[in-house]
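Heads up, the thing below is written out as structure tokens.
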Amino acid sequence: MNLVKEAAMKVLSYWSKKSELYLWCACGAAMLAVIAYVVEERPTDVLAVMFREAGAQSISRWLVHDLPPLVAHENVGYGRVFESLACLSVVWMGVAPVVRCVSEETGVYFEAEGIVESRASGTVWIFLLIAAQFSSANAVADRIFYFCAVVLGVFMVGVVAWFALWLIHRRAPYYETGRVLDYFGVIGSVAVRIGAIVVVALLFAAVGPLIRAVVWLENAESDSRSEAKRRVRTREQARVEADEASNAQGATISAVVNAAGSVGGGRQRA
């Protein structure tokens with residue numbers, strides 16, 4: 001038991017340090033889930049065809065005939081569980097940044113940098129792939145579309161409620177009503193922008209590693225030159241920061257000297 005626990009801890013530690021590897025796994029999961037939806041097959045059946053076409057007949061036969069019963073047979077209950085986990089992950093990706101933007105005033109674009117390459121977006125695709133294996137990709141897609149429709153419906157109800165409250169406030173202005181309108185107006189504006197960023201993050205999790213690989217392959221500048229330019233920019237930035245710190249220190253000293261001179265002159269006149 002201790003050996004199993006130690007091995008599990010080592011695996012978790014390795015995965016936590018290899019974010020790039022996890023993003024590639026999420027990209028593969030997204031691609032496989034989309035292909036399974038298009039061809040209306042389970043992910044393992046898609047993999048079996050791919051391995052058979054690649055000449056790996058033994059792996060293809062194992063995927064078709066020798067999978068463990070837990071994975072080989074459909075289980076709608078397990079599929080619903082992983083669908084729910086995927087939906088909760090999407091909700092968490094949207095709600096947490098909105099709360100930070102409103103309470104901590106971090107800014108939407110600051111949060112966008114963290115959302116786009118977050119592991120949560122990749123985790124959503126992995127959950128969807130597992131759900132497609134236990135159920136079917138088409139059924140999972142239908143329920144995800146239903147979930148999106150529910151979220152959109154809730155948002156539209158909130159918009160209608162806000163507009164009705166705005167009409168009431170326009171006819172009978174009241175300070176507290178105005179504060180509520182402003183507060184929920186800010187939340188709605190932030191939620192719309194964060195929602196769009198979450199969609200971009202999910203798409204980027206599916207194709208982002210491939211885009212980065214293509215950009216890396218098509219890079220027309222050597223690594224040594226890129227590193228030299230980075231060092232030059234770093235030195236220039238350090239020099240500018242040092243000049244700014246020196247100027248600020250000089251201004252502080254001048255202010256102190258002027259203040260001391262003013263105090264001394266006042267005493268002499270007295």
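Cluster annotation: F51 and W62 are assigned to the same hydrophobic cluster (Ile/Leu/Val/Met/Phe/Trp/Tyr, side-chain heavy-atom contacts under 4.5 Å, transitive). Cluster membership check: V192 does not share its hydrophobic cluster with V150, using side-chain heavy-atom separations under 4.5 Å among Ile, Leu, Val, Met, Phe, Trp and Tyr. Taking hydrophobic clusters as Ile, Leu, Val, Met, Phe, Trp and Tyr residues chained together by side-chain heavy-atom distances below 4.5 Å, Y78 shares a cluster with I130. Each of Y146 and V151 belongs to its own hydrophobic cluster when Ile, Leu, Val, Met, Phe, Trp and Tyr are linked at side-chain heavy-atom distances under 4.5 angstrom. Cluster annotation: L129 is not connected to V49 through the hydrophobic network of ILVMFWY side chains, with a link wherever side-chain heavy atoms come within less than 4.5 Å.
Considering all non-hydrogen atoms of both residues, A26 and G122 come closest at CB-CA, 3.3 Å. Here the closest heavy-atom approach between residue P209 and residue L23 is recorded as CG-O, 3.6 Å. Annotation for S121 and A205: closest pair OG-CB, 3.6 Å, computed over non-hydrogen atoms.
Between the side chain of T123 and the backbone N or O of R119, at least one donor-acceptor pair lies under 3.5 Å.
When the side chain to side chain contact (heavy atoms under 4.5 Å, CB included) test is applied to L88, no partner is found at least two apart in sequence or on another chain. Residues passing the ring pair (Phe, Tyr, Trp, His ring centres under 6.0 Å) test with F147: none are found, sequence neighbours excluded. Listed by chain and number, the residues in a side chain to side chain contact (heavy atoms under 4.5 Å, CB included) with V46 are L32, I35, A36, V39, E41, M50 (sequence neighbours excluded). The salt bridge (charged side-chain N to carboxylate O under 4.0 Å, His left out) check on R52 picks up nothing, with sequence neighbours excluded. Here I144 pairs with C87, L128, V140, C148 under the side chain to side chain contact (heavy atoms under 4.5 Å, CB included) rule; sequence neighbours left out. Every residue meeting the side chain to side chain contact (heavy atoms under 4.5 Å, CB included) condition with L85, not counting sequence neighbours, appears here in chain and number order: V81, F82, F127. R143 meets the salt bridge (charged side-chain N to carboxylate O under 4.0 Å, His left out) test with E83; sequence neighbours excluded. With sequence neighbours left out, the salt bridge (charged side-chain N to carboxylate O under 4.0 Å, His left out) criterion links E236 to R239. With sequence neighbours left out, S89 forms a side-chain hydrogen bond (donor to acceptor under 3.5 Å, both in side chains) with no residue at all.
Pairs of residues two or more places apart, or lying in two chains, never qualify as salt bridge (charged side-chain N to carboxylate O under 4.0 Å, His left out) while including a residue from residues 128-137. Legend: salt bridge (charged side-chain N to carboxylate O under 4.0 Å, His left out) pairs involving residues 27-36, not counting sequence neighbours: none detected.
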Distance-only check: which donor-acceptor pairs under 3.5 Å involve side-chain atoms of residues 193-204, not counting sequence neighbours?
residue : atom : partner : partner atom : Å
R193    : NE   : S189    : O            : 3.4
R193    : NH2  : S189    : OG           : 3.3

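Distance CZ/R80 to CZ/F134: 14.5 Å, rounded to 0.5 Å. Atom-to-atom distance recorded for L210:CG and C27:SG is 4.0 Å, nearest 0.5 angstrom.
Checked against Q133 for a side-chain contact (heavy atoms from CB on, under 4.5 Å), the options D45, N75, T44 give a single hit: T44.
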